[in-house]
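In the text below, chain A, chain B and the rest are named by the order of the sequence lines, each starting its count at 1.
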Amino acid sequence: MSELHIYNSYTRQKEKFESITPGYAGLYVCGPTVSGESHLGHARPYITFDVVQRYLRHLGYKVRYVRNITDAGHFEEEGREAEDKVSEKAKLEKLEPMEMVHKYTSLFHKGMAMFNCDEPSIEPTATGHIVEQIDMIQDIISKGYAYEVNGSVYFDVTKYAAEYPYGKLSGRVLEDQLETTRDLDGQDEKRNKADFALWKKAPPEHIMRWNSPWGEGFPGWHIECSAMSSKYLGETFDIHGGGMDLQFPHHESEIAQSTIAHGHPPVRYWMHNNMITINGKKMGKSYNNVIKLSELFSGSHPLLAQAYHPMVVRFNILQTHYRSTLDFSNEALQASEKAFRRLWEAYETLQKLAHPGNENASDAELDSKVNTWLAECADFMNDDLNTAKVIANFFELAPVINGIKGGQVKADALSAATFVALKATFSAYLVDILGMEPLQEEQSDKLDKVLSLLIDIRKDAKKRKDFATSDLIRNQLAENGILLKDEKDGSVSYSVN
RNA sequence: GGUCGGAUGGCCGAGUGGCUAGGCUCAGCUCUGCAAAAGCUGCUACAGCGGUUCGAAUCCGCUUUCGACCUCCA
């Protein structure tokens, strides 16, 4: 039995996972900034880490999964003019920040639910932890690694880098960073260009603002994750996850802040998922190539040939290793949809299948292969969460299941023990760990009764060789999205699209 | 410009120094009143050029090319 190994971005190698507290695992994942609607790009990290979290639970860990909501900072609603606090508009006409934040948080939650992502154990908000952030900033100042200028506070990266390996996570050298000639906000206030804000003074027109020892302002982007992760997971915790694009500067800054505040690095294992690209380019606001989740599910985007079910998207994402880029295309999604339908049907078939009870396999070779495929699932997951390989093995098993049902494989080909293992493993990995759900809801009893009636009438017509009637029923139903299948044993099943 | 990571069969994608991943498409067959589904069979690829090796798609070097990060970003 292999053990879980994960690729640690910090050391750039696969390492055996050992939790700090035996039996418990702490996982922190950078959540969304809720100033706009979630898009396809957001789906990847949250689905990836949902599987991480599910797998850790499967391994027996009691997991605390913390995923924040970034609802504070210098942002305004997409597509809406920035409004200022001192404008003449009436209160109700103005954009209320919490209103916007609530709207997009809510949409994000709905999207996650559709993807069947488990809710995190704690979902802390930045606005709910202003006090903790201020405390942490004061602590860093008192230790001499941050300074205040005009109501803003900056982290002294140069000083930090002299003693600590700043840039190790993202693989860059501080000297290179100092070369940049960008004109950033507050650049003239900083002692060095690489310094980053812990607290920013709010200009008069800025709506989001809080009192602090340095005047009214709002927290810097990086400090929230440090403050909240240490509060809920401890000063050192097991896994920190997020998109690769957050490695620098966000995660690098988190390491620096926490290292000064607590005297040691915050995270044991850093995990980063790769990006979703579209036509080879990263999907992101700045590229104007974003497909929102609502558009994805409804098909209402010029790039989409059709609507895609959340489970199809989830399946497609899991068919690719999380550290590889995943290029979006209609062809790929359509292939995933067909593949997933086939796989799920095999899974459902397996649930209904009964084993004759023979202790010994009549087909020892097949029995042995099946056992290998099942055992490999754990090995693949343990090898840095290789969901793609797990899925590949499902597709090895599907023909065996379908073959038993269709008679191409003998019912007693597998031993009773293997059959039990097949059922248990398929369900554990496909449903519990990969988190897949059927594409269609349970059918209502009434529909079921109506269809049984039609199926009976059609059976009768077929018996009389009245194929005109039987085909009419089948074709009419097909036009309405209900497919009838004549099974080998003479029964008829249906599926609704 | 700096740093890092890719280039795999018609398409998507995994992966390892030698043992045909898998999915989708396509073609043929079996079953079937027909269809669908299912099953079986076929389609052997790793950007290019050198090198290391008994053997490399897998290791090294160079070239071409794409991308990510360096700025808010999942």
Test salt bridge (charged side-chain N to carboxylate O under 4.0 Å, His left out) on R323(A) and D384(A); report intermediate values, then the result.
CA-CA 9 Å; R323(A) 283 193 288 113; D384(A) 196 31; 2.8 Å; yes
I want to check something: taking the side chain as every heavy atom from C-beta on, are [X] and [Y] in contact at a cut-off of under 4.5 Å?
X       : Y       : result
V312(A) : R341(A) : no
Y28(A)  : F237(A) : yes
W210(A) : M208(A) : yes

Exercise: do T48(A) and N273(A) side chains pair donor with acceptor under 3.5 Å
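Result is no, nothing qualifies.
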Parallel under 30°, tilted from 30 to 60°, perpendicular over 60°: which one fits the rings of F155(A) and F196(A)?
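Judged by the thresholds at 30° and 60°, the geometry between F155(A) and F196(A) is parallel.
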Would you please determine if the base of rA74(B) is stacked by Y46(A), with stacking meaning a centroid separation under 5.5 angstrom and planes under 30 degrees?
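One would not call Y46(A) stacked on the rA74(B) base.
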For E331(A) and for S170(A), find the nucleotide of RNA chain B with the closest heavy atom, then tell me which residue's nucleotide is more 5'.
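The residue closer to the strand's 5' end, by nearest nucleotide, is S170(A).
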Could you pick out which residue, E345(A) or K338(A), lies toward the 5' side of RNA chain B when each is mapped onto its nearest nucleotide?
K338(A)
Base, sugar-phosphate or nothing for [X]? Non-hydrogen atoms, less than 4.0 Å.
X       : value
I276(A) : base
S470(A) : base
G284(A) : nothing
N316(A) : nothing
I391(A) : nothing
A332(A) : sugar-phosphate
H39(A)  : base
Q334(A) : nothing
N386(A) : sugar-phosphate
K281(A) : sugar-phosphate
F395(A) : sugar-phosphate
M275(A) : base
G171(A) : sugar-phosphate
L246(A) : sugar-phosphate

Candidate nucleotides [options], ranked by approach to the side chain of [X] - the nearest:
X       : options                   : result
K462(A) : rA36(B), rG33(B), rA21(B) : rG33(B)
A335(A) : rA35(B), rA38(B), rG23(B) : rG23(B)
R44(A)  : rA35(B), rG22(B), rA74(B) : rA74(B)
T320(A) : rA14(B), rA74(B), rG33(B) : rA14(B)
K389(A) : rC24(B), rA21(B), rA14(B) : rA14(B)
Q408(A) : rG39(B), rC70(B), rU25(B) : rG39(B)
H321(A) : rG15(B), rG22(B), rG33(B) : rG15(B)

Suppose you measure atom P in rG42(B) against the same atom in rA21(B); what distance do you get, rounded to whole Å?
14 Å
Do any side-chain nitrogens or oxygens of [X] fall under 4.0 Å of OP1 or OP2 in [N]?
X       : N       : value
T325(A) : rA68(B) : no
N273(A) : rA74(B) : no
K282(A) : rA74(B) : no
R342(A) : rG39(B) : yes

Minimum heavy-atom distance L326(A)-T320(A), with the two atoms named
CD1-OG1, 3.5 Å
Nucleotide-level pairing of RNA chain B, given in dot-bracket where Watson-Crick and G-U pairs need both distances under 3.5 Å and | marks other strands
(((((((..(((.....[...))).(((((.......)))))....(((((..]....))))))))))))....
